[in-house]
Amino acid sequence: MPSARLLVLFGSQTGTAQDVSERLGREARRRQLSCRVEALDSYPVVNLINEPLVIFVCATTGQGDPPDNMKSFWRFIFRRSLPSTALRQMDFAVLGLGDSSYAKFNFVAKKLHRRLLQLGGSALLPVCLGDDQHELGPDAAIDPWLQDLWEKVLGPHPVPLNLDLSPPGVLWPSKFTLQFLKDTPSSGPEELCAAGTDPQGPPSELQPFLAPMVSNQRVTGPSHFQDVRLIEFDISGSGISFAAGDLVLIQPENTASHVQQFCQALGLDPEQHFTLQPREPGVTCPTRLPQPCSVRRLVSQYLDIASVPRRSFFELLACLSPHELEREKLREFGSARGQEELCEYCTRPRRTALEVLCDFPHTAAAVPPDYLLDLLPLIRPRAFSIASSLRAHPSRLQILVAVVQYQTRLREPRRGLCSSWLASLDPAQGPVRVPLWVRSGGLTFPKTPDVPVIMVGPGTGVAPFRAAIQERVAQGETGNVLFFGCRRRDQDFYWEAEWEQLQARGCLTLVTAFSREQEQKVYVQHRLRALGPLVWELLDGRGAHFYLAGNAKYMPADVCDTLLSIFREEGGLSDPDAAAYLAQLQRTLRFQTETWA
Ligand code: 2AM
């Protein structure tokens, strides 16, 4: 009989925290613990006061923010009215997933741990700090932490002596059952939006708008290393509206050739239709999946076959494999000791799930369709900063997309799913529609008139600032200072003519940094530093807002260091006062960032 009740609650943005939570659930069940796994926002949070044992698995996103599916939990748990004894019956542990190249590494997990202690909970272990930057990924920290966890948990609740731990290779039941139909339904082409969804309200993840693509134009010169596209959609009649700083979410598809390869490897007929039933209550079918649905549609629009698979993919494949050699290898990749090898085979060269399946053909051919949704995560929508304003381009929405492509030691170049898919669509060849919806973004611009803004946006980081400048100019705001950086004026200087016009009209001060037009690199922060007196005067004297957008790697930290040096040298502040000044700008939303990997 199960001897303890364990609850695993996760906050997951990209699926890693969910994957780790599901693994935790399986390991718990192998240890005869009764265990439930739920997303934090699906769990009725007031019930926490009755839970004896909870593991929280939380990712930290962007600038130290919680993932979307734990935002209401986050607001609740920090309510001041909660008594300091609220969770005194609870033993808990917090497993964090983060990236140590960001300043607020695992901020959410650490903050949650402290808060649970404040509310009277007892920590079984220190916070686990999973790190994406580690060579072996977050598992390097998670595996030893889990061992300690099971010791702690099983200490007071030992496995009864007559119950062996069931071996790791035992197959768990699939989340869904998939029933093939004998005949193909004779209805017309499948619409993207499932029947029965609410047609009211603005488009959302539940019901995206199928936006006609108006144009898709390369805006980088022929000798530039990267293909960057300016893409325009027609959103007339969609009910979509947005402001500068908002994001558009786009639901991409797998390429037809990958869908074909996948179906071939698994012996699936793309034209066959099926219905899907959850095996257990509480499990829901993927949003928008129509019933019945064709295999082709499931694979092209739902199953993420082009991403690098996680460890659980190998664990499950090992359980499903009928082939001894393949099974051995897969089992190794799924085990704690095989992680170095898995990293070398899969993570480092960015091998995709589809490529792995092709490497293990006997196993792929034996995957029961019921397990497709356990094996592969769903394709996630991708967010882009909106690059246009409705005031300048009514009924239109524009984005600037850098097409992601790079080489690893594998022969085939690696390609970003969404950007490559978008780049491949050509409205000149016939109508193209893209499922999208908008979300209010990370950046908000001043509502009060006459507040100047300083915007630092090298590369595609300039996108949200074009929307802001268009919007502000339409409202008669002239205090717009833009720092733009790119490699060369004639290769990747986006909207050069537009900026020049606005400068000529006195609506914009543009400062450029062309990094590769001279021996020494010149970056936006060098220009910022040279204009330190102006920056200080605008910020301190005129209450300007400061914005930063672009590549998350080094640029944001470099720009922040430059700002601190301006505060010290132009403002005469000490080191701690300069840091406090920046923190105060952040708190009052006068310093905002939008960065991406
Ligand atoms: P580089 O590629 O020549 O190094 C847009 O990508 C621009 O940002 C390019 O000119 C790029 O220069 C520059 N860039 C690269 N790293 C940067 C950093 N740490 N800070 C600011 N700009 C950077």
Side-chain angles (χ1 to χ4, degrees), residues 62-63 99-105 133 217-231 383-385 387 398-407 413-414 416 419 423 442-443 453-469 481-500 508-532 534-535 546-567 582 591-597:
Q63 312 304 313
D99 182 325
S100 59
S101 67
Y102 285 81
K104 292 193 165 176
F105 175 50
Q133 286 296 317
Q217 182 197 351
R218 178 171 169 136
V219 286
T220 38
S223 64
H224 190 63
F225 80 108
Q226 195 163 39
D227 181 0
V228 176
R229 301 298 180 99
L230 173 60
I231 297 179
F384 296 88
S385 289
Q398 299 182 346
I399 50 174
L400 196 58
V401 180
V403 182
V404 177
Q405 181 174 334
Y406 55 96
Q407 205 71 46
R414 307 290 95 190
S419 59
L443 301 179
V453 296
I454 305 172
M455 296 161 280
V456 179
T460 51
V462 75
F465 302 142
R466 178 169 178 259
I469 292 167
V481 183
L482 174 65
F483 287 83
F484 175 72
C486 66
R487 288 192 172 178
R488 292 176 186 279
R489 183 186 288 274
D490 63 351
Q491 292 299 318
D492 53 339
F493 190 179
Y494 315 126
W495 297 301
E496 179 180 6
E498 247 179 73
W499 305 137
E500 272 172 11
L508 174 71
T509 306
L510 175 71
V511 186
T512 48
F514 301 111
S515 57
R516 303 205 179 189
E517 289 194 347
Q518 59 286 304
E519 279 278 291
Q520 289 278 320
K521 285 278 173 88
V522 177
Y523 286 160
V524 279
Q525 58 270 30
H526 303 130
R527 298 291 194 223
L528 197 66
R529 185 65 203 88
L531 290 172
L534 169 72
V535 172
F546 190 99
Y547 299 89
L548 172 61
N551 191 308
K553 193 109 192 155
Y554 304 112
M555 187 271 296
D558 291 350
V559 170
C560 284
D561 286 347
T562 306
L563 269 184
L564 289 172
S565 80
I566 292 175
F567 298 165
L582 185 60
F591 176 90
Q592 296 179 36
T593 55
E594 177 82 49
T595 58
W596 47 84

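One-based numbering, in listed order, for ligands and for the atoms of each. Given the structure is predicted, the values throughout are model-derived calculations rather than measurements.
Aromatic ring pairs are classed by plane angle as parallel below 30°, tilted from 30° to 60° and perpendicular above 60°; the pair F591 and F546 is parallel. The aromatic rings of Y523 and H526 sit parallel, their planes meeting at an angle under 30°, below the 60° perpendicular limit.
For the pair D558 and ligand 1, the shortest N or O to N or O distance falls below 3.5 Å. Looking at ligand 1, you won't find any N or O of G485 less than 3.5 Å from one of its N or O atoms.
Among all non-hydrogen protein atoms, the one lying nearest atom 9 (C) of ligand 1 is S515 OG, 3.7 Å. With hydrogens left out, the protein atom closest to atom 22 (N) of ligand 1 is Y523 CG, 3.4 Å, a heavy atom. Here the protein heavy atom with the shortest distance to atom 2 (O) of ligand 1 is R487 NE, 2.9 Å. Taking atom 8 (O) of ligand 1 as the reference point, the nearest protein heavy-atom neighbour is P458 CB, 3.8 Å. Remark: minimum distance from atom 21 (C) of ligand 1 to any protein heavy atom is reached at Q525 OE1, 3.0 Å.
With a 4.0 Å heavy-atom cut-off, ligand 1 is reached by the backbone of M555 and by its side chain too. Proximity of K553 to ligand 1, defined as any heavy-atom pair under 4.0 Å, is not found for any part of the residue.
For ligand 1, the atoms closer than 4.0 angstrom to any heavy atom of Y554 are 19 (N). Every atom of ligand 1 is numbered from 1 in the order shown, and the set under 4.0 Å from a heavy atom of G459 is 5 (C). Heavy-atom contacts of K521 reach the following atoms of ligand 1: 1 (P), 3 (O), 4 (O) (cutoff under 4.0 Å).
Using a 4.5 Å heavy-atom cutoff, the side chains of F514 and R488 are not in contact. Using a 4.5 Å heavy-atom threshold, the side chains of R487 and F225 count as touching. Proximity of L531 to F483: side-chain heavy atoms (C-beta onward) are separated by under 4.5 Å at one or more points. Side-chain contact between F465 and F484 is absent, with no heavy atoms from C-beta onward closer than 4.5 Å. For the pair Q226/T220, no side-chain contact is recorded, criterion being any heavy-atom separation below 4.5 Å from C-beta on.
Side chain to side chain, Q491 and R516 fail the donor-acceptor criterion of an N or O pair below 3.5 Å.
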